[in-house]
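Data block below; observations after.
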Amino acid sequence: MINPLRGMKDLTFEESERFEYIVNTAATIARRYGYGYIETPILEETALFKRSVGESSDIVGKEMYQFTDKGENDVCMRPEGTAGIVRAFISAKLDRQPVKQKFYYYGPMFRYEKPQKGRLREFHQFGCESFGEASVYEDFTIITMIAQIFDALGIGYELQINSLGCKVCMPKYRETLVNSLTEIKEELCEDCNRRIGTNPIRVLDCKNDKCQALLVESPKLKDYLCEECDPEFRKLKALLDQEGIKYTVNDNLVRGLDYYSKTAFEFVSSEIGAQSAIAGGGRYDRLVEFLDGKPTPAVGFALGIERIMELVKMPEKEPEGYYMGAMTPEAIPALLKLATKKRLTDKVTVEYNSKGFKSHMKGVDRANPRYAVLIGEDELNNGTVWLKDLESKEEQVIDINDL
RNA sequence: GUGGAUGUAGUUCAGUUGGUAGAGCACCAGUUUGUGGCACUGGGUGUCGCGGGUUCGAGCCCCGUCAUCCACCCCA
């Protein structure tokens, strides 16, 4: 027997219904905010992710499904969605037009990690990317939209926000931080020491208790935000307060991907184990430019569909359509004709085996239809069908053409 | 990549000091060619993850391996 690869899952029945429900709910809301659907390739040039996500990140450093294809191209399966969308945006030369563009997408992402609860090698994200809008109002709007999606799905969450600064304030802060970290270098863990050189901001995110204790005194980004970033972050908080969206400011929320700037946020759930982030995103004003486009401000997010599947409560399923069965084999062709006609408008389940009444009724219970339609010898001879409304329990024999 | 736990029927699980596999649920058939969900009767559907080893004999003990789950790490 051939099983799915490690960390990859088949979705069927309740699970696939959950998946669809989440995507549909999110897409419906995203469209109300002006987002249009975009589809980009799963396979991309490896360079795309090296330049966007960043070589210092774990995602690019050790988790990519990367290989050389038959044309000797260095390619990989996308480990996240934003890079591909930004590439598509630039490929279509949309960066040359001063028009705002908003896209939503969903689909599989691939990371070669060790699987655990809420962490798969192939997983699915739904995401939105808004291009050309530099205003913090857009950051606020996108957070509001996510909150609305989770509310619609009946999911509780905690929102964490932070500001990562911009090209003016970040370099200054970074320098100060590196100096401060270098002083306590010997006491910090191995990972942190490596990060001082590659991506010092990530040191703040270290889960090691000893490191965290040492970092209490280290310079805080919020004290270094520039004249533009500081008021914007304040404005964002004021807007969230006004909207009644609860949040906590998390100084250590630095995001795992290099391309974020200014607003960064994460939606967290306490009910799904250690992998608690159910959505994350932020602003990435410089990414378009990094990927050779004209400088274009942008903000976006992605939510983890599998993680949300564990939390969502599905609406109850209403009985729907028809179950059709025959109690004599000769009646089946007539049944098929009827089914084709009804399928123009309704869901129809047809049982091809002719069998007894009781047996059919068991099939009815399984199919959960609104109506049961059976044809026996009498009905076949008279050109009628036996029809039962499973809700009202009323039953009647009617002409086959009247159904 | 590191660590811990677990692999027995479709599923959830039991299986004693080592003696050749069992229960609930589900499923199928019948009671019942014409009123379902209930009930009763009957039916086990299995490479005990895989490969070695010890033993007269292994689901059980030993070694290896694979997979799953959980945590670290990372992140959606």
Side-chain angles (χ1 to χ4, degrees), chain A residues 1-9 22 26 53 56-64 78-82 106-128 146 150 157 189-192 194-195 199 202 205-209 253-257 260 264-269 272-282 300-311 323 325-329 331 353-369 372 374-380 386-388 390 393-395 397:
Chain A
M1 189 169 55
I2 297 174
N3 289 314
L5 291 172
R6 179 158 218 203
M8 306 199 176
K9 278 177 80 174
I22 291 164
V53 179
S56 67
S57 71
D58 279 14
I59 292 175
V60 170
K62 50 189 184 190
E63 294 174 0
M64 291 208 294
R78 63 182 182 197
E80 59 96 41
T82 301
Y106 66 94
M109 307 295 160
F110 301 83
R111 293 181 198 173
Y112 198 88
E113 297 186 90
K114 191 156 173 183
Q116 72 180 72
K117 191 175 177 65
R119 192 173 73 183
L120 294 160
R121 287 182 174 179
E122 180 185 20
F123 62 101
H124 296 77
Q125 289 186 335
F126 174 96
C128 288
I146 301 168
F150 287 147
Y157 56 82
C189 75
E190 208 178 301
D191 284 340
C192 285
R194 182 172 45 79
R195 289 182 190 131
N199 195 346
R202 298 270 304 279
D205 208 19
C206 183
K207 301 289 192 297
N208 190 317
D209 287 344
L253 179 65
V254 296
R255 317 289 309 133
L257 291 67
Y260 288 106
F265 56 84
E266 200 162 287
F267 286 73
V268 181
S269 167
I272 51 170
Q275 306 303 317
S276 58
I278 52 176
F301 77 94
L303 48 85
I305 298 178
E306 282 86 352
R307 290 183 186 176
I308 292 167
M309 280 170 62
E310 303 205 21
L311 297 165
Y323 172 99
M327 290 180 286
T328 170
N353 288 316
S354 128
K355 51 188 181 183
F357 184 89
K358 185 143 183 167
S359 218
H360 274 307
M361 289 316 279
K362 281 185 181 172
V364 167
D365 291 336
R366 238 194 310 271
N368 193 29
L374 295 182
I375 301 182
E377 264 178 52
D378 293 349
E379 288 83 3
L380 182 63
W386 174 88
L387 172 72
K388 179 162 186 171
L390 282 316
K393 311 281 189 200
E394 279 171 33
E395 51 191 87
V397 174

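Letters go in sequence order (proteins before strands), and every chain restarts at 1.
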Backbone N/O of A:Glu113 and side chain of A:Arg121: donor-acceptor pair under 3.5 Å: yes
Expected output: side-chain A:Glu306 to main-chain A:Gly118 donor-acceptor under 3.5 Å: no
Between CD1 on residue A:Ile22 and CZ on residue A:Arg307, distance to nearest 0.5 Å: 13.0 Å
Short N/O separations, protein against nucleotides 1-7 of chain B, under 3.5 angstrom:
| from | atom 1 | to | atom 2 | distance (Å) |
| --- | --- | --- | --- | --- |
| B:U2 | O4 | A:Lys114 | NZ | 2.9 |

A:Arg6 side-chain N/O to B:U68 phosphate OP1/OP2 under 4.0 Å: yes
Inter-nucleotide [atom1] distance ([N], [M]), Å rounded:
N     : M     : atom1 : value
B:A23 : B:G44 : P     : 10 Å
B:G4  : B:G46 : P     : 36 Å
B:U41 : B:A9  : P     : 26 Å
B:C38 : B:U32 : C1'   : 14 Å
B:A39 : B:C48 : C1'   : 35 Å
B:G7  : B:G51 : C1'   : 15 Å
B:G30 : B:G36 : P     : 16 Å

Protein-to-nucleotide contact annotation, 5' to 3' order, nucleotides 26-36 of chain B [B base; S sugar-phosphate only; - none; under 4.0 Å, heavy atom]: -SS--BBBBBB
Sugar-phosphate, base or nothing in reach of A:Gly118, heavy atoms under 4.0 Å: base
Touch class at under 4.0 angstrom, heavy-atom based, for A:Gly61 against every strand present: nothing
A:Pro108 to A:Glu122 - nearest heavy-atom pair and separation: CB-OE2, 3.3 Å
Closest contact, heavy atoms only, A:Phe110 versus A:Phe123: N-CE2, 4.4 Å
Shortest side-chain distance from A:Ala277, nucleotide among B:A71, B:A76, B:C73: B:A76
Interatomic distance where CD1 belongs to A:Ile278 and P belongs to B:A76 [whole Å]: 13 Å
Atom-to-atom span, CD1 of A:Ile308 to P of B:C75 - whole angstrom: 18 Å
Residue whose closest nucleotide on RNA chain B lies nearer the 5' end, A:Met8 versus A:Glu63: A:Met8
First of A:Gly273 and A:Gly304 reached from the 5' end of RNA chain B, by closest nucleotide: A:Gly273
Watson-Crick and G-U pairing of RNA chain B, under 3.5 Å, as dot-bracket with | and [ ]: (((((((..((((.....[..)))).(((((.......))))).....(((((..]....))))))))))))....
Salt bridge (Lys or Arg N to Asp or Glu O under 4.0 Å) evaluation trace for A:Glu310 with A:Lys117: CA-CA 10 Å; A:Glu310 303 205 21; A:Lys117 191 175 177 65; 3.0 Å; yes
Under 3.5 Å donor-acceptor pair, A:Glu266 side-chain atoms to B:C75 base atoms: no
